[in-house]
Amino acid sequence: MLKRALISLSNKENIISFAKELKAMDIEIISTGGTAKLLKENNIEVTRISQVTGFPECLDGRVKTLHPAIHGGILAKREEKSHRDQLKELNIQPIDMVVVNLYPFKETVLKEGTTLEEAIENIDIGGPTMLRSAAKNYHDVVVISDPADYDKVLQQIKENGEVDLKTRLQLAQKVFSHTAQYDAFISSYLEEQSGKKDFSKTLTLTYEKIQDLRYGENPHQKAAFYGEIRPNSCSITTAEQLHGKQLSFNNINDANAALELLLEYKEPTCVALKHTNPCGVGSGEDLYTAYKKAYECDPVSIFGGIIAFNRKVDQRIAKEICKIFLEIIIAPDYDEEALEILKQKKNIRLLKINLSKADREKDIDVKKVRGGILIQEKDIAMIDPKDIKVVTQRAPSQKELEDLFFAWKAVKHVKSNAIVVAKDQKTLGIGPGQVNRIWAAQQSIQRAGDRVKGAVLASDAFFPFSDTVQAAVKAGITAIIQPGGSIRDQESIEECDKNNIAMVFTGMRHFKH
């Protein structure tokens, strides 16, 4: 039978009605500080912790429940005669229910301007200790860490006079999940505050579920979307969805890839993307021009894809977009007229993302492998134009140089092996994810078609052979940008010189697997 419940809460949602139900079943309530005050104000009889321990709350409330009279009452195994005898000898009464949630550490550090000292004071000590003690002894103690579980517990007590063992175990598991996340978040915050930059000996990541998804990459796969507790304000996690049905697993993955590429460009730019690979990128004096450039790169593949803009979408662009079927539009903002037009398309998802707060320095890249994970810094590096090395007899013209760097930003976000052909600040052909570089080059040149003459070519990694240059020569490409670093670089350089092609080395590759 449940006779005594300890209640100590930060989140006091629904506790009044819950406590009244406990009292109606003659369950004694022990409570602390603000919780006890609230219960008493609502005419609920409470035994204060200090009455149980014989000690006052002290050190500004830092020490209240850390006492044998509390933890002995929670941890005693009722079926063990020696435990029962010790409780009697020490005059400790068993505690049958623990209702506790923790100091709002997360909410505190998420507030702008929170100091380290304020954060430290919101690290709960007694709460996790009581929760863990009760969860460990779940056979004898009902532990509740989430107000959402109040009704379920009350219903079982009313119907059966007890909470069944399966529910007790589920509640205990929930506690350890909650305290693990709580500690992981504290650890992450303190690591950030300490300025630590290397990878730790151990790694604990904590995320919160945003939503269950209809399915994963394929309909037979279950899936969910989890977000960081302190997500980057420029992310799919923090995007405001203005229209359309719930994002799918593939929508989220593709939208993130489009956003990553879009962030490389400062001038008005449009990115069209399909299955995490760009199918068109364009920059121009205005966003409409940029969109037309991106669209013209591959009018076929863009169908059913994603388009991302780095400027406000206006009515003119919205009308143009509506001529084709698209899954998602991403932009920092939309005109009212543009929204009115776009919302007429029932199935399109409209996302608004604050591109101005893209703190890319803190991002990490995590890849799951069987039995472990790979973790690395995000590839946010971008070479400065002044640091390139001209390796051919002919240096690129200013226009070629501008197109080379435009293409270099694009090829960075194409799956390796990757080649991008571009001209006039727009992609003409994109060759993604091939198992050898010449196939990627041939694919991008073929997609560029007749437009390829006078274009530039970018490669995410070095040329192991001169065959890519030979393909570029045949197509009429005039300039190439690549990392360099192959033992056969000289062959490619000589091939360029024979055909008056300018080639520059970046000294930096951008594999994307």
query = For F176, does the CZ atom have more than 12 heavy-atom neighbours from other residues, nucleotides or ligands under 6.0 Å away?
reply = yes
inquiry  = Keeping K389 on the side-chain end and F505 on the backbone end, is there a donor-acceptor pair under 3.5 Å?
reply    = no
inquiry  = Whether the side chain of S444 engages the backbone of V421 through a donor-acceptor N/O pair (distance < 3.5 Å, no angle test) should be reported.
reply    = no
query = What's the verdict on side-chain contact (heavy atoms from CB on, under 4.5 Å) for Y215 and K222, showing C-alpha distance, side-chain angles and the deciding distance?
reply = CA-CA 5 Å; Y215 53 82; K222 290 183 179 179; over 6 Å; no
query = Within a strict 4.5 Å, meaning less than it, do heavy atoms of the T238 and I353 side chains meet?
reply = no
request  = State, to 0.1 Å, how close I229 and L110 come at their nearest heavy-atom pair, and which atoms those are.
outcome  = O-CD2, 3.9 Å
task = Can you measure from CG (L262) to SG (C234) and round to the nearest 0.5 angstrom?
result = 8.5 Å
message = Side chains of N277 and I430, heavy atoms from C-beta outward: is any pair under 4.5 Å?
response = no
ask   = Got more than 12 heavy atoms from elsewhere within 6.0 Å of CD, E377?
value = no
request  = Using the six-membered ring wherever Trp is involved, compare the ring planes of F185 and F105 and label them parallel, tilted or perpendicular (cut-offs 30° and 60°).
outcome  = perpendicular
request  = Tell me yes or no: between the side chains of D365 and Q376, is some donor less than 3.5 Å from an acceptor?
outcome  = yes
key: Close side-chain approach of I236 to N251, heavy-atom, < 4.5 Å   = no
request  = Given salt bridge (charged side-chain N to carboxylate O under 4.0 Å, His left out), test D333 with K352 step by step and report yes or no.
outcome  = CA-CA 6 Å; D333 207 352; K352 180 178 175 180; 3.6 Å; yes
All pairs passing ring pair (Phe, Tyr, Trp, His ring centres under 6.0 Å) where residues 290-312 contributes a residue, at least two apart = F303-F325
task = Evaluate the side-chain proximity of I210 to T237: yes if any heavy-atom separation is below 4.5 Å, no if none is.
result = yes
Candidate list K426, K423, R451, R447, test salt bridge (charged side-chain N to carboxylate O under 4.0 Å, His left out), partner E296, passing option = K426
message = Quick one: does any side-chain atom of T427 pair with a main-chain N or O of G429 as donor and acceptor, under 3.5 Å?
response = no
task = Test salt bridge (charged side-chain N to carboxylate O under 4.0 Å, His left out) on K386 and D384 and set out the steps.
result = CA-CA 5 Å; K386 69 178 186 307; D384 192 293; 3.4 Å; yes
ask   = Is a donor on one side and an acceptor on the other found under 3.5 Å between the side chain of R349 and the backbone of Q246?
value = yes
message = I'd like to check V281 versus L273 (side-chain heavy atoms, cut-off strictly below 4.5 Å). Are they in contact?
response = no
message = Taking the side chain as everything from C-beta on, heavy atoms only, tell me whether D254 gets closer than 4.5 Å to I328.
response = no
query = What heavy-atom pair brings I302 and A272 nearest, and what distance separates the two atoms?
reply = CD1-CB, 3.6 Å
query = So, does K292 use its side chain to make a donor-acceptor pair with the main chain of G282 at under 3.5 Å?
reply = no
I493 vs M503, side-chain contact (heavy atoms from CB on, under 4.5 Å): CA-CA, chis, key distance, verdict = CA-CA 7 Å; I493 294 170; M503 185 159 67; 3.8 Å; yes
request  = Measure across L404 and P396 and return the closest heavy-atom pair with its distance rounded to 0.1 Å.
outcome  = CD1-CB, 4.0 Å
request  = Measure the CD1-NZ distance between I373 and K367 for me, rounded to the nearest 0.5 Å.
outcome  = 12.0 Å
key: Minimum heavy-atom distance C322-L342, with the two atoms named   = SG-CD2, 3.9 Å
Side-chain donor-acceptor pair present, K415, T276, cut-off under 3.5 Å = yes
request  = Could you tell me whether K378 atom NZ has more than 12 heavy atoms of other residues or ligands within 6.0 Å of it?
outcome  = yes
ask   = Does T108 offer a backbone N or O that forms a donor-acceptor pair with the side chain of T114 under 3.5 Å?
value = yes
task = Quick one: do I477 and I445 satisfy side-chain contact (heavy atoms from CB on, under 4.5 Å)? Show the steps, please.
result = CA-CA 9 Å; I477 283 166; I445 290 168; 4.2 Å; yes
query = Distance from F405 atom CZ to T506 atom OG1, nearest 0.5 Å?
reply = 8.0 Å
query = Of K512, R437, H413, which is the lone residue that meets side-chain hydrogen bond (donor to acceptor under 3.5 Å, both in side chains) with D460?
reply = R437
ask   = Do any N or O atoms from the side chain of K412 and from the backbone of D379 form a donor-acceptor pair under 3.5 angstrom?
value = yes
ask   = Considering residues, nucleotides and ligands other than R394, do more than 12 of their heavy atoms fall under 6.0 Å from its CZ?
value = yes
query = How long is the gap from CD1 on I317 to CG on D286, to the nearest 0.5 Å?
reply = 7.5 Å
ask   = When the ring centroid of Y265 is compared with that of F406, is the distance short of 6.0 Å?
value = yes
ask   = Considering all heavy atoms of both residues, which atom of S466 and which atom of S492 are nearest to each other, and what is their separation?
value = CA-OG, 3.7 Å
inquiry  = Minimum heavy-atom separation for C297 and C279, please, with both atom names.
reply    = SG-O, 3.4 Å
message = Name the residue from K312, R311, R316 that meets the salt bridge (charged side-chain N to carboxylate O under 4.0 Å, His left out) definition with D335.
response = K312
ask   = Heavy-atom count around E285 CD within 6.0 Å, excluding the residue itself: above 12?
value = no
remark   = Separation between CD (E494) and CG (N499), nearest 0.5 Å, reads 12.0 Å
ask   = Do other residues, nucleotides or ligands put more than 12 heavy atoms under 6.0 Å from I487 CD1?
value = no
request  = Look at the side chain of T179 and the backbone N and O of V175, then say whether any donor-acceptor pair between them is shorter than 3.5 Å.
outcome  = yes
inquiry  = So T204 and T206, do their side chains get closer than 4.5 Å, heavy atoms only?
reply    = no
message = Here's a test for you: under side chain to side chain contact (heavy atoms under 4.5 Å, CB included), which of I388, I481, V456 qualifies with L401?
response = I388
Separation of L190 CG from I120 CD1 (nearest 0.5 Å) = 5.0 Å
query = So, does D497 use its side chain to make a donor-acceptor pair with the main chain of T392 at under 3.5 Å?
reply = no
request  = State whether the side chain of T269 and the backbone N or O of E267 hold a donor-acceptor pair below 3.5 Å, judged by distance alone.
outcome  = yes
message = Tell me whether the count of non-hydrogen atoms from other residues, nucleotides or ligands lying under 6.0 Å of NE2 in H275 goes above 12.
response = no
task = Dump the intermediate steps for salt bridge (charged side-chain N to carboxylate O under 4.0 Å, His left out) on E402 and K399, then the final yes or no.
result = CA-CA 5 Å; E402 289 171 1; K399 182 184 179 305; over 6 Å; no
Exceeds 12 heavy-atom contacts within 6.0 angstrom, atom CG of N218 = yes
ask   = Do the non-hydrogen side-chain atoms of F465 and R488 ever get within less than 4.5 Å of each other?
value = yes
